[in-house]
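Structure, as structure tokens:
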Amino acid sequence: MITSKKLSPERIKEILEFPIVYDEDSPKLTAEQISRMKPVHPEYWKVEPVKVPLSIKIDADVLAWFKSKGKGYQTRINKALRDTMLQSL
């Protein structure tokens with residue numbers, strides 16, 4: 001079976017909505033315990049979302065503002081959209 005490191009928006013939503021069940025084998029951890037945790041294999045945590053080519057119309061002043069911040073304006077636009085999406089979940 002071939003798996004991808006990329007997550008679709010549908011899969012992200014499914015993961016966020018999955019119920020968490022605590023028991024004696026998997027107790028609820030405190031914030032302090034969680035802060036001390038580190039992945040055994042950090043490369044497994046490098047998940048990249050699927051990028052989809054898209055044609056979109058954006059107000060000229062908005063695009064100019066993003067471009068004025070230098071190289072990477074598309075990445076910054078994507079981050080702004082992602083932040084908005086995550087706030088609405």
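Bear in mind that the values here come from a model prediction, so they are computed numbers and not experimental data. Any value given below was found using the heavy atoms of this structure, including those in side chains, with hydrogens, waters and symmetry copies removed.
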Could you give the distance from NZ (Lys13) to CE (Met85), rounded to the nearest 0.5 Å? 11.5 Å
Spell out, yes or no, whether Leu81 and Val52 are grouped together once hydrophobic residues are joined by side-chain heavy atoms under 4.5 Å, including indirect joins. no
I'd like to know if Arg11 and Glu14 make a salt bridge, using a cut-off of under 4.0 Å between side-chain N and carboxylate O. yes
For the pair Glu48 and Leu7, evaluate side chain to side chain contact (heavy atoms under 4.5 Å, CB included) and give the outcome as yes or no after the intermediate values. CA-CA 7 Å; Glu48 298 176 13; Leu7 293 176; over 6 Å; no
Reported CD-to-CE distance for the pair Glu32 and Met37, which is rounded to 0.5 angstrom: 11.5 Å
Interatomic distance, CD@Glu17 vs CD1@Ile15, rounded to 0.5 Å, equals 11.0 Å
Donor-acceptor contacts under 3.5 Å from residues 18-26 side chains, at least two apart:
| unit_1 | atom_1 | unit_2 | atom_2 | d |
| --- | --- | --- | --- | --- |
| Asp23 | OD1 | Asp25 | N | 2.9 |
| Asp23 | OD1 | Ser26 | N | 2.8 |
| Asp23 | OD1 | Ser26 | OG | 3.1 |

To check you understand the geometry: which heavy-atom pair defines the closest contact between Arg76 and Lys71, and what is its length? NH1-O, 3.0 Å
dist Thr30:OG1 -> Gln33:CD (nearest 0.5 Å) comes out at 3.5 Å
Which pair of heavy atoms, one from Leu63 and one from Ile77, lies closest together, and at what distance? CD1-CD1, 4.2 Å
dist Asn78:CG -> Tyr73:OH (nearest 0.5 Å) comes out at 13.0 Å
Report yes or no: do Ile56 and Trp65 belong to one cluster of Ile/Leu/Val/Met/Phe/Trp/Tyr joined by side chain heavy-atom distances under 4.5 Å? yes
Same cluster (ILVMFWY, side-chain, under 4.5 Å), Ile34 and Val40: no
